Number of protein chains: 2
Amino acid sequence: MRLPGVPERPGTGSASADWSGVRARLHDGGLRWTPQRRTLIDVLAATDGHVTGAELVERCRAIDPTTTPSTVYRTLDVLEDLGVVRHHHGPDGREEFHVLPEREHGHLHCRACGRSWEVGAAEVAPMLEALRRHRGFEADISHMALVGRCGDCVAADDRAAGGD
Amino acid sequence: MRLPGVPERPGTGSASADWSGVRARLHDGGLRWTPQRRTLIDVLAATDGHVTGAELVERCRAIDPTTTPSTVYRTLDVLEDLGVVRHHHGPDGREEFHVLPEREHGHLHCRACGRSWEVGAAEVAPMLEALRRHRGFEADISHMALVGRCGDCVAADDRAAGGD
DNA sequence: GACTCAACTGCAACACGTTGCATCTACACG
DNA sequence: CGTGTAGATGCAACGTGTTGCAGTTGAGTC
Ligand SMILES: [Mn+2]
Ligand SMILES: [Mn+2]
Ligand SMILES: [Zn+2]
Ligand SMILES: [Zn+2]
C-alpha cells in the first residue's frame with residue numbers, strides 16, 4: 001500500500017525493479033535481511049548502469065558512515081548469486097558492477113579514451129556458440145570485457161600517423 | 001663460444017628466444033640496462049606459459065632478495081611496450097603474463113575447476129572482425145579472457161542434476 | 001677516468017579487495 | 001516473549017598492484 005506522497009520515481013533507479021523481491025529471496029535461501037544489506041540495496045536501487053565496487057562502498061558510507069568494505073563486497077557476492085547484480089573487470093582488473101541488467105551483455109573498453117560500451121549477447125553469440133561446439137566451453141557473457149581501441153581513437157591515430 | 005659444461009637446455013625457457021635483442025632494443029629507445037632488469041629477464045627466460053605478476057616478483061626475489069615489487073611491475077610495463085610480454089586478467093582480476101607468445105591468443109578460464117586454455121586468434125577472428133566492421137572497435141586479443149565453465153565441468157553438472 | 005643528467009630504483013603511502021576469527025544478531029521455534 | 005543457533009558483521013592483517021618523490025646510477029661525452 002503505497003502512500004500517495006511518496007512516489008517511487010519510476011524510470012529512476014535500475015529498471016524500476018523488483019527490489020521488494022530480494023528480501024523474500026534471501027529468506028528463501030536461509031539468508032538474512034540486515035540493516036547493512038538494506039543500505040546496499042538502497043544504493044543499488046538508486047544506481048543506473050555500471051559502477052565500481054569502491055564507488056558502491058563510498059555511496060553506502062554516504063548513507064551509513066559505519067559501512068565496512070568487507071560487508072559490502074560480501075553482500076555483493078550474495079546478490080550476484082541471486083542474479084541481482086553482475087560484475088566484470090575493467091582494463092586494470094578492477095571490478096565493475098551492473099545492477100539488474102535488462103538484457104545480458106558484454107563490455108568494450110577503449111584504452112585510449114577510457115570510454116566503454118555494451119555489446120549485446122546476439123552480437124557475440126556466434127563466437128560463443130563456436131566455443132561451445134568446438135570445446136564445450138560455456139562462456140559467461142556478462143563477465144566478458146574486451147579491451148582495445150574504439151573507432152574514434154583508431155581514426156584519430158590514423159590521421160596523425162599515415163595521413164596524406 | 002658456449003662451454004660444453006653449461007648446456008643451454010634447449011626447449012626450456014620460452015621459445016629459446018632472442019633475449020639478447022632486448023638489451024639492444026632498450027638502448028634504442030633511450031632506456032637502460034640495469035641489474036634489476038637483468039634479473040627479471042633471467043626469470044622470464046626460464047619461464048614457460050602463463051605466470052602471475054606476484055609469482056614473477058617471488059622468482060626475482062629468489063635470485064636477488066632485495067627485489068622490490070614496484071620495480072618489477074614497472075619493468076613488466078616496459079617489456080610489454082616492447083612486445084616481449086603480454087598480460088591479461090584472471091577471473092579475479094589478477095594479472096597473468098605470457099612470455100614471448102609465439103602466436104597471438106586469447107584465454108579461457110573455467111570457474112569450476114580453475115583450469116585455463118588458450119584460444120587461437122583465428123578462432124575468435126570472426127567476432128572481432130564483426131566488431132571492427134560494425135563499430136570500428138579493434139579488440140586486443142591477447143588481453144581477452146573469457147570466464148565460464150569448461151566442457152568437463154558442464155558435463156559433470158549435467159550428470160549430477162538432470163541425469164537419468 | 002671524471003662529468004652530466006635523464007632514466008631508474010627503493011621506499012612509503014595508498015587503492016582495492018579478500019580472508020580468518022571473535023562477536024553479534026536475525027529469525028525460527030517453543 | 002525468551003532461547004538457540006546459523007548466518008552476518010567488524011576488525012585487523014594480508015595480497016596485489018600503483019604512485020609520488022627523493023636519491024642513485026647507467027651510459028654517452030669529453
Ligand atoms: Mn589489463
Ligand atoms: Mn571476476
Ligand atoms: Zn577511444
Ligand atoms: Zn572446469
Side-chain angles (χ1 to χ4, degrees), chain A residues 22-41 50-61 63-82 85 87-97 111 114 143 145 147, chain B residues 22-41 43 50-61 63-82 85-97 111 114 143 145 147:
Chain A
V22 172
R23 179 170 182 176
R25 294 172 59 204
L26 285 171
H27 278 186
D28 291 352
L31 307 179
R32 293 183 188 162
W33 183 248
T34 66
Q36 294 84 353
R37 286 182 178 177
R38 195 177 121 61
T39 300
L40 179 54
I41 295 287
H50 298 104
V51 60
T52 66
E55 175 70 20
L56 288 173
V57 170
E58 202 170 330
R59 291 187 194 174
C60 284
R61 258 204 248 271
I63 297 180
D64 172 8
T66 71
T67 299
T68 293
S70 54
T71 299
V72 174
Y73 287 113
R74 283 193 279 230
T75 301
L76 284 167
D77 285 348
V78 170
L79 295 179
E80 188 148 16
D81 284 347
L82 256 50
V85 302
H87 86 274
H88 67 281
H89 300 267
D92 53 4
R94 275 191 292 214
E95 289 188 317
E96 295 187 8
F97 290 88
R111 242 187 209 119
H143 194 273
V147 178
Chain B
V22 172
R23 179 170 183 176
R25 294 174 57 203
L26 286 170
H27 277 186
D28 290 353
L31 307 179
R32 292 179 189 165
W33 183 249
T34 67
Q36 295 83 354
R37 289 184 175 176
R38 193 178 122 65
T39 300
L40 178 55
I41 295 287
V43 165
H50 297 104
V51 61
T52 66
E55 175 70 20
L56 288 173
V57 171
E58 202 171 330
R59 291 188 196 174
C60 284
R61 256 203 248 272
I63 296 179
D64 172 6
T66 72
T67 298
T68 291
S70 55
T71 298
V72 174
Y73 287 112
R74 283 193 278 230
T75 300
L76 284 167
D77 285 348
V78 170
L79 294 179
E80 189 147 16
D81 284 347
L82 256 50
V85 301
R86 306 298 328 256
H87 87 273
H88 68 282
H89 300 266
D92 53 4
R94 275 190 292 211
E95 290 188 317
E96 295 187 9
F97 290 87
R111 247 191 203 111
H143 194 273
V147 177

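For clarity, every value in this text was computed on a predicted model and none was experimentally measured. Note that these values count all heavy atoms, side chains included, but never hydrogens, waters or copies made by symmetry.
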Worksheet item: With the sugar-phosphate defined as primed atoms, P, OP1 and OP2, and the base as all remaining atoms, what B/S/- string results for nucleotides 24-30 of chain D, 5' to 3', for protein heavy atoms under 4.0 Å?
Response: -BBS---
Worksheet entry | Contact under 4.0 Å: B:Thr71 side-chain N or O vs C:dG10 OP1/OP2 | yes
Item to complete: Quickly work out the A:Leu76 CG to D:dA8 P distance and round it to whole Å.
Response: 14 Å
Practice prompt. Spell out, as yes or no, whether a donor-acceptor pair under 3.5 Å connects the side chain of B:Arg86 to the backbone of B:Phe97.
Written response: no
Worksheet item: Just by modelled atom types, is the B:Pro91 backbone N or O under 3.5 Å from a matching donor or acceptor in the A:His89 side chain?
Response: yes
Practice prompt. In whole angstrom, give the distance that lies between atom CG of A:Leu26 and atom C1' of D:dG7.
Written response: 12 Å
Fill in: B:Leu40: which of B:Leu76, B:Val85, B:Val78, B:Ile63 passes side chain to side chain contact (heavy atoms under 4.5 Å, CB included)
B:Leu76
Between side-chain atoms of residues 65-72 of chain B and protein atoms elsewhere (two or more places apart, or another chain), which donor-acceptor pairs fall under 3.5 Å?
unit_1	atom_1	unit_2	atom_2	d
B:Thr66	OG1	B:Asp64	OD1	2.7
B:Thr66	OG1	B:Asp64	OD2	3.2
B:Thr67	OG1	B:Cys60	O	3.4
B:Thr67	OG1	B:Asp64	O	2.6

Worksheet item: By side chain to side chain donor-acceptor pair (under 3.5 Å), which residues pair with A:Asp92, not counting sequence neighbours?
Response: A:Arg94
Worksheet item: Once you round it to whole Å, what is the distance between C1' of C:dT25 and CZ of A:Arg38?
Response: 18 Å
Response to the item:
With sequence neighbours left out, the residues meeting side chain to side chain donor-acceptor pair (under 3.5 Å) with B:Arg37 are none
Worksheet item: How far apart are the closest heavy atoms of A:Leu31 and A:His27, and which atoms are they?
Response: O-CD2, 3.5 Å
Worksheet entry | A:Gln36 side chain near D:dG10 phosphate (N/O to OP1/OP2, under 4.0 Å) | yes
Practice prompt. Using a 4.0 Å cut-off on protein heavy atoms (strictly under), produce a 5'-to-3' string for nucleotides 15-21 of chain C with B for base contact, S for backbone-only sugar-phosphate contact, and - for none.
Written response: -SSBBB-
Worksheet entry | All side-chain contact (heavy atoms from CB on, under 4.5 Å) counterparts of B:Arg32, not counting sequence neighbours | B:Thr34
